[in-house]
Amino acid sequence: MTQRKNFQLLLDGKIPEFRPIYYELYKTCGLADSLVNHPKKNGPDAFGVEWVITPEGAITKPGCILFDDIADWKQYVHFPDLSMYDFKAAAETDLAGTDRSDKVINVNFAVGLYQRMVAFMGFENTLCSLIEDPEACDEFFGEMADFNIRCIEKMIDAYKPDVVTYFDDFATSQSLFMSPQVYRKLIKPHQARILHSISAKGVIVAEHLCGKCEEVLDDFVEMGVQIWSSAQVMNDIPFLEKKYKGRLIIEGGWDSFGPAGYPDATTEQILKEADRCLSEYGKEYNYILFPIIVTPDPNDPRISALCEYWRKISGISSPGTR
């Protein structure tokens, strides 16, 4: 069975032939996103925010903010002219050689509303603003959502993807950065418009939110999210799999805080973590393994070893362990 057909069984709430692994299920596309959000190399994004690329991922350059008072945002935020960017060329490059009959096309949009405010202002200023000036925050989120919708629609037109993964990391390992009430009042209404714009084009919505965030998963399902990525171990994943079976696919489970999440993790440690994920999260059949292997090399032999091993143990009829 192809990855695509097996994935459809998960979406339909049926028992798949095998449990997918992120690396083999998707053709993940990020080139169009890098034109606007964070770039592939150190330097500014389309809004003028400086980014630093590390083996662990992209971060805004420490100490560099555009402004510190959300009331002043219109003086500093200049929305890019999207006609300047060739999304179709990005799609052609990203998708070159991709077998659409097998791979599920997944396009990333990597800087959501909260993350964009943090990129402009830093964490402290952002969190203070949510409490001290909710009116300006609401205005900012509203206009930024309008821009994000225009950008995502251009990506969808260019790539014709199966999935758009919308990133907005507003949780820590212990809780959300803000109360659920603040999230629901200020961020959710605008986030909902973005996510609805994706599903309105017939594209599956995946929401990337790390950290302990299970208290807002009902909100995600309400907004039409079909995949939660990347679910981390501080959440009660087995319970959530049962609760949302047939409504939400759980993508993640990798203990990025443990030995398998370290940059120098051995193949043995990585395969052991795969065993744990299968044992703890593979019973409800609405699970996609999302390994977090920290490496700058997309051809890292540890990844190929994991994929080969996962193919051996992830079949529904004989799950097995090492």
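Nothing fancy with the numbering, it's 1 onward along the sequence.
- No salt bridge links Asp264 with Arg302; every basic N to acidic carboxylate O contact stays at or beyond 4.0 Å.
- Judged purely by atom type and a 3.5 angstrom limit, Glu251 has no side-chain atom pairing as donor or acceptor with the backbone of Ser230.
- In this structure the side chain of Glu124 never reaches within 4.5 angstrom of the side chain of Ile65, judged on heavy atoms.
- Clustering ILVMFWY residues whenever any of their side-chain heavy atoms sit less than 4.5 angstrom apart, transitively, puts Leu271 in a cluster other than the one holding Tyr262.
- No salt bridge links Asp236 with Lys242; every basic N to acidic carboxylate O contact stays at or beyond 4.0 Å.
- Here the CG-NZ distance, from Leu95 to Lys160, works out to 10.5 Å after rounding to the nearest 0.5 Å.
- Proximity of a side-chain donor or acceptor of Asn106 to a complementary backbone N or O of Tyr26 within less than 3.5 Å is not detected.
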(request) Start with the C-alpha distance between Glu207 and Gln191, add both sets of side-chain angles, then the distance that settles side chain to side chain donor-acceptor pair (under 3.5 Å), and finish with yes or no. (result) CA-CA 10 Å; Glu207 172 76 30; Gln191 180 184 7; 3.0 Å; yes
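- The backbone N or O of Gly13 sits nowhere less than 3.5 Å from a side-chain atom of Asn286 that would complete a donor-acceptor pair.
- For Lys283, the NZ atom counts as densely surrounded, since its 6.0 Å shell holds more than 12 non-hydrogen atoms of other residues, nucleotides or ligands.
- Between Trp51 and the options Cys64, Pro39, Pro44, a side-chain contact (heavy atoms from CB on, under 4.5 Å) holds for only Pro39.
- In the hydrophobic cluster analysis, where Ile, Leu, Val, Met, Phe, Trp and Tyr join through side-chain heavy atoms closer than 4.5 angstrom, Leu248 is grouped together with Val205.
- Salt bridge present: Asp146 and Arg193 bring a charged side-chain N and a carboxylate O closer than 4.0 Å.
- Side chain of Arg116 to backbone of Val111: no donor-acceptor contact under 3.5 angstrom is found.
- Taken from OG1 in Thr2 to CZ in Phe7, the straight-line distance is 11.5 Å, to the nearest 0.5 Å.
- By the 4.0 Å N-to-carboxylate-O rule, Lys212 lies close enough to Glu214 to be salt-bridged with it.
- In this structure, the side chains of Val107 and Asp94 stay at 4.5 Å or more apart for every pair of heavy atoms.
- Residues Phe147 and Phe47 place their aromatic rings such that the two centres sit under 6.0 Å apart.
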(request) Please step through side chain to side chain donor-acceptor pair (under 3.5 Å) for the pair Ser256 and Gln232, ending with a clear verdict. (result) CA-CA 8 Å; Ser256 54; Gln232 290 190 295; 3.1 Å; yes
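- With rounding to the nearest 0.5 angstrom, the CG atom of Leu217 is 8.0 Å from the CG atom of Leu209.
- Cluster membership for Ile293 and Ile53, using ILVMFWY side-chain heavy atoms within less than 4.5 angstrom, is not shared.
- Of the possible polar contacts, none joining the Thr98 side chain to the Arg100 backbone as a donor-acceptor pair under 3.5 Å is found.
- A 4.5 Å side-chain heavy-atom check between Tyr22 and Pro291 finds at least one atom pair inside the cut-off.
- For Lys103 (side chain) and Glu24 (main-chain N/O), a donor-acceptor pair under 3.5 Å exists by modelled atom type.
- Counting heavy atoms from C-beta on, the side chains of Asp275 and Leu278 never come closer than 4.5 Å.
- Side chain of Asn108 to main chain of Val164: no donor-acceptor pair is present (N/O by atom type, distance under 3.5 Å, no hydrogens or angles).
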(request) For Val216 and Leu176, run side chain to side chain contact (heavy atoms under 4.5 Å, CB included): C-alpha distance rounded to whole Å, both residues' side-chain angles, the deciding distance at 0.1 Å, then the answer. (result) CA-CA 9 Å; Val216 295; Leu176 303 181; 3.6 Å; yes
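- Remark: side-chain polar atoms of Asp255 are paired, donor with acceptor, to backbone N or O of Gly258 under 3.5 angstrom.
- Between Lys201 and Asp157 a salt bridge is recorded (basic side-chain N to carboxylate O distance below 4.0 Å).
- Residues Val203 and Val104 share a single hydrophobic cluster, defined by chaining ILVMFWY side chains whose heavy atoms lie under 4.5 Å apart.
- A salt bridge links Lys188 to Asp219: one of the charged nitrogens lies within less than 4.0 Å of a carboxylate oxygen.
- More than 12 heavy atoms of other residues, nucleotides or ligands lie within 6.0 Å of CD in Glu215, so this atom counts as buried by the packing criterion.
- Residues Ile249 and Trp228 are not in side-chain contact: their nearest non-hydrogen atoms beyond the backbone lie 4.5 Å or more apart.
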(message) Quick one, Ile303 with Cys307, criterion side chain to side chain contact (heavy atoms under 4.5 Å, CB included). Give me CA distance, side-chain angles, the key distance, then yes/no.
(response) CA-CA 6 Å; Ile303 296 176; Cys307 290; 4.3 Å; yes
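- Looking at heavy atoms from C-beta onward, Asn125 lies out of side-chain contact with Cys128 at the 4.5 angstrom threshold.
- Clustering ILVMFWY residues whenever any of their side-chain heavy atoms sit less than 4.5 angstrom apart, transitively, puts Leu186 in the very cluster that holds Ile131.
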(request) Evaluate side chain to side chain contact (heavy atoms under 4.5 Å, CB included) for Ile316 paired with Arg19, printing each intermediate quantity in order. (result) CA-CA 7 Å; Ile316 298 303; Arg19 300 163 181 88; 3.6 Å; yes
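- Looking at Phe257 and Ser173, their side chains come closer than 4.5 Å, going by heavy atoms from C-beta outward.
- Distance CG/Leu31 to CD/Glu92: 11.0 Å, rounded to 0.5 Å.
- Under the 30°/60° scheme for interplanar angles, the aromatic rings of Phe141 and His190 are found to be tilted.
- What you find for Ala90 and Leu35 is that their closest heavy atoms are CB-CD1, 4.4 Å.
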(message) Go through it in stages, so that I can follow the logic: the residues are Asp297 and Thr295, the test is side chain to side chain donor-acceptor pair (under 3.5 Å), and I'd like the CA-CA distance, side-chain angles, deciding distance and then a yes or no.
(response) CA-CA 5 Å; Asp297 180 9; Thr295 176; 5.4 Å; no
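- For the pair Lys5 and Glu17, the salt-bridge criterion is not met [side-chain N within less than 4.0 Å of a carboxylate O].
- Between Tyr183 and Phe170, the ring-plane angle classifies as parallel under the 30° and 60° cut-offs.
- Between the side chain of Asn6 and the backbone N or O of Gln3, no donor-acceptor pair lies under 3.5 Å.
- When Phe140, Phe120, Phe67 are each tested for a ring pair (Phe, Tyr, Trp, His ring centres under 6.0 Å) with Tyr76, only one passes: Phe67.
- Centroid-to-centroid, the aromatic rings of Phe177 and Phe123 come within less than 6.0 Å.
- Atom CD of Gln226 sits about 6.0 Å away from atom CG of Leu11, to the nearest 0.5 Å.
- Looking at Ser129 and Cys137, their side chains come closer than 4.5 Å, going by heavy atoms from C-beta outward.
- With Tyr244 contributing its side chain and Asp218 its backbone, the two residues share a donor-acceptor pair below 3.5 Å.
- Of the N and O atoms on the side chains of Ser83 and Asp81, at least one donor lies less than 3.5 Å from an acceptor on the other residue.
- The pair Glu273-Arg276 meets the salt-bridge criterion, with a side-chain N (NZ, NE, NH1 or NH2) lying under 4.0 Å from an Asp/Glu carboxylate O.
- Between atom NZ of residue Lys74 and atom CG of residue Asp72 there is a gap of 12.0 Å, rounded to the nearest 0.5 Å.
- The number of heavy atoms from other shown groups lying within 6.0 Å of NZ (Lys245) is above 12.
- The ring of Phe167 has its center no closer than 6.0 angstrom to the ring center of Phe109.
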